[in-house]
Amino acid sequence: QVQLVESGGGLVQAGGSLRLSCAASGRTFSSYVMGWFRQAPGKEREFVATISWSGDNTYYAHSLKGRFTISRDNAKNTVYLQMNSLKPEDTAVYYCAASRLERLSVNGKLYHYWGQGTQVTVSS
């Protein structure tokens, strides 16, 4: 069992940056593929980024690559999402998720554990 707690969300002006953190409980954090997803009001949840257990492999939503960076620190049981050049359309609740599968995935259904989410609001 893994419990995930996101933090770092908030209100930021367009063009600004935020770094989200997701702290995980449990001693097996380093064995999980981790992902970030987001859900804007009235929209479906969408994939943002994912990272392998070692941190060596990452994959991003095409539209976000270059502005967002996912990373992890297994010694701290934490995964991060650095978000730069934020736009109003990035406004959403951001969720981190953990998958017991070994492969990276953009499919939220393949993630077994979810955090409660953190709100990111980008003003124009």
*Look only at the side chain of Thr50 and the backbone of Met34, and say whether a donor-acceptor pair between them is shorter than 3.5 Å.*
yes
*Rounded to the nearest 0.5 Å, how far does SG of Cys22 lie from CG of Asn77?*
10.0 Å
*Would you please test Leu101 and Val33 for side chain to side chain contact (heavy atoms under 4.5 Å, CB included) and show each step?*
CA-CA 7 Å; Leu101 301 178; Val33 165; over 6 Å; no
*Any side-chain heavy-atom pair of Leu86 and Gln13 under 4.5 Å*: no
*Name the one of Leu81, Leu20, Leu64, Thr118 that satisfies side chain to side chain contact (heavy atoms under 4.5 Å, CB included) with Arg38?*
Leu64
*Quick one: CZ on Phe68 to CH2 on Trp36, what's the gap to the nearest 0.5 Å?*
11.0 Å
*Check whether any side-chain heavy atom of Leu104 lies under 4.5 Å from a side-chain heavy atom of Ser52, and answer yes or no.*
yes
*Anything under 30° is parallel, anything over 60° is perpendicular, the rest tilted; go ahead and classify Phe37 against Phe47.*
perpendicular
*For residues Pro88 and Ala14, report the shortest heavy-atom separation together with the two atoms involved.*
CD-CB, 4.1 Å
*Return yes if some donor-acceptor pair links the side-chain N/O of Tyr111 with the main-chain N/O of Ser105 below 3.5 Å, else return no.*
yes
*Assess whether side chain to side chain contact (heavy atoms under 4.5 Å, CB included) is satisfied between Gln119 and Thr91, documenting all intermediate values.*
CA-CA 8 Å; Gln119 176 71 47; Thr91 294; 4.0 Å; yes
*Taking the side chain as C-beta and beyond, is there a heavy-atom pair between Val2 and Arg100 under 4.5 Å?*
no
*Out of curiosity, Cys96 SG to Ile51 CD1, how far, rounded to the nearest 0.5 Å?*
12.5 Å
*Linking I/L/V/M/F/W/Y whenever any side-chain heavy atoms sit under 4.5 Å apart, do Tyr113 and Val48 land together?*
yes
*Would you say the side chain of Asn84 lies within less than 4.5 Å of the side chain of Gln82, judging by non-hydrogen atoms?*
yes
_For a 4.5 angstrom cut-off between non-hydrogen side-chain atoms, does Tyr95 reach Leu4?_
no
*Report yes if the side chains of Val120 and Met83 come closer than 4.5 Å at any heavy-atom pair, otherwise no.*
yes
*More than 12 heavy atoms of other groups within 6.0 Å of Tyr59 OH*: no
*For residues Gly108 and Trp114, report the shortest heavy-atom separation together with the two atoms involved.*
O-CZ2, 3.4 Å
*Do we get Arg72 above Phe29's six-membered ring, with its NZ or CZ under 6.0 Å from the centre and within 45° of the axis?*
yes
*Are Gln116 and Val5 close enough that some pair of their side-chain heavy atoms sits under 4.5 Å apart?*
yes
*Donor-acceptor pair, Asn74 side chain versus Trp53 backbone, under 3.5 Å?*
yes
_Less than 4.5 Å apart, side chain to side chain, heavy atoms only: is that true for Tyr60 and Thr69?_
yes
*asked:* For the backbone of Leu110 and the side chain of Ser99, can you confirm whether one donor and one acceptor N or O come within less than 3.5 Å of each other?
replied: yes
